[in-house]
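Some notes on the structure that comes next.
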Amino acid sequence: MLEIAICDDEEYFLEQEKEWISQYMNRLGYEFRISTFASGIEFMSVGEKVSRYDIMFLDINMRDLNGLETAKKIREYTKDAYIVFVTAFITYSLEGYKVDAVRYILKDNASLEKAIKECLDVIIDKMHYVENKYTFDFQEGRKTLFLDEILYIESSLHKLQFHLAGHKSERYTMYGRLDHIAEMLHEFNFCRVHKSYLVNLKYMEKVERYLARLSTGDAVSISQPKFNNVREQFICYKGEV
């Protein structure tokens, strides 16, 4: 699932951008979720959870905390997000390079919709984004899940419980072996952190001894024998040196 954030203190543009992005995603059949924020301060109030967003549209000319300042704070949490500046004045190109902005879009009613959709074309291409989904036979019934929805899978007493990101109360259970699921999902950035836990690296924020902290606020135990391997996979996924 693609997580998208729009931050703009002008309600008209906030709603328009949300509508156009939704149209684009629906046309391509992508699973997505859009969160909107009316100021940079409101956006940054989510703290480290800002790293959950794949694409961010930021208005530069916001009061109190402008788009550039907001982007700098975002980069303290994540280097992976695609940041797009939406502005009435294209005068910030040098500053944009400092926060690795993918594009500037001019706030012009006549061309804004087209510019947003062209920008999304570029981002999706850069991401090489492909929606991966599987159908599972849960005790609750047969259900198709997008793999990006899965936060982690827990094994207990020959049962597997699927915990979904963004759905604290929504869990699905099936009989099976975690070894089999881990092998099936390995190429999709799932990491075996414990004999009882398989975690989606997308949501892993920090690796401690012996705990994996997730962007949702959850924490999952890492077994001592697996710690070094988990840490290596985490660093490789995040692209750190």
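Note that the numbering runs from 1 along the sequence shown for the chain.
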To the nearest 0.5 Å, atom CZ of R209 lies from atom CZ of R231 at 8.5 Å

May I ask you to check whether F188 and F190 place their ring centres under 6.0 Å from each other? no

Taking K202's backbone N and O only, do any of them form a donor-acceptor pair with R52's side chain (distance below 3.5 Å, no angle check)? no

Salt bridge or not for D8 and K18, using N-O below 4.0 Å? no

Evaluation steps, side chain to side chain contact (heavy atoms under 4.5 Å, CB included), between M174 and I153: CA-CA 11 Å; M174 64 185 290; I153 303 170; over 6 Å; no

Quick check: are there more than 12 heavy atoms from other residues, nucleotides or ligands sitting under 6.0 Å from CD of Q139? yes

Salt bridge present between K107 and E10 (N-O < 4.0 angstrom): yes

Is a donor on one side and an acceptor on the other found under 3.5 Å between the side chain of K79 and the backbone of R75? yes

Verdict with supporting geometry, L178 and R192, side chain to side chain contact (heavy atoms under 4.5 Å, CB included): CA-CA 9 Å; L178 195 57; R192 186 75 173 270; 3.5 Å; yes

Is Y134 close to I150 at the side-chain level, that is, under 4.5 Å between some pair of heavy atoms? no

Can we call the ring centroids of F162 and Y172 under 6.0 Å apart? no

L28, I55: one ILVMFWY side-chain cluster at the under-4.5 Å cut-off? yes

Taking distance alone, no hydrogens or angles, what donor-acceptor pairs closer than 3.5 Å link side-chain atoms of residues 37-47 to residues at least two apart or in another chain?
unit_1 : atom_1 : unit_2 : atom_2 : d
S39    : OG     : E42    : N      : 3.0
E42    : OE1    : A38    : N      : 2.9
S45    : OG     : E42    : O      : 2.5

Can you confirm whether I116 sits close enough to Y24 that some side-chain heavy atom of one is under 4.5 Å from a side-chain heavy atom of the other? no

When you compare the side chain of E69 with that of K73, does any pair of heavy atoms fall below 4.5 Å? no

Is any side-chain heavy atom of Y203 less than 4.5 Å from a side-chain heavy atom of D218? no

Flag, side chain of R63 to backbone of N66, donor-acceptor distance under 3.5 Å: no

Beyond-backbone contact of L120 with W20, side-chain heavy atoms, under 4.5 angstrom: no

Flag the pair E113 and K117 as a salt bridge only when some basic side-chain nitrogen lies within less than 4.0 angstrom of an acidic carboxylate oxygen. yes

Can you find a side-chain donor-acceptor pair between T144 and T135 that sits under 3.5 Å? yes

Are the side chain of D59 and the backbone of C7 linked by a donor-acceptor contact shorter than 3.5 Å? no

Could you tell me if the side chain of F32 sits less than 4.5 Å from the side chain of N26, heavy atoms only? yes

dist N61:CG -> F85:CZ (nearest 0.5 Å) comes out at 11.0 Å

Only one of V193, V207, L211 forms a side chain to side chain contact (heavy atoms under 4.5 Å, CB included) with F227, so which one is it? V207

Side-chain heavy atoms of I60 within contact of Y104, under 4.5 Å: yes

Under 4.5 Å between any side-chain heavy atoms of V220 and M204, yes or no? no

In E208, E48, E205, the residue satisfying salt bridge (charged side-chain N to carboxylate O under 4.0 Å, His left out) with R213 is E208

So, does N189 use its side chain to make a donor-acceptor pair with the main chain of L201 at under 3.5 Å? no

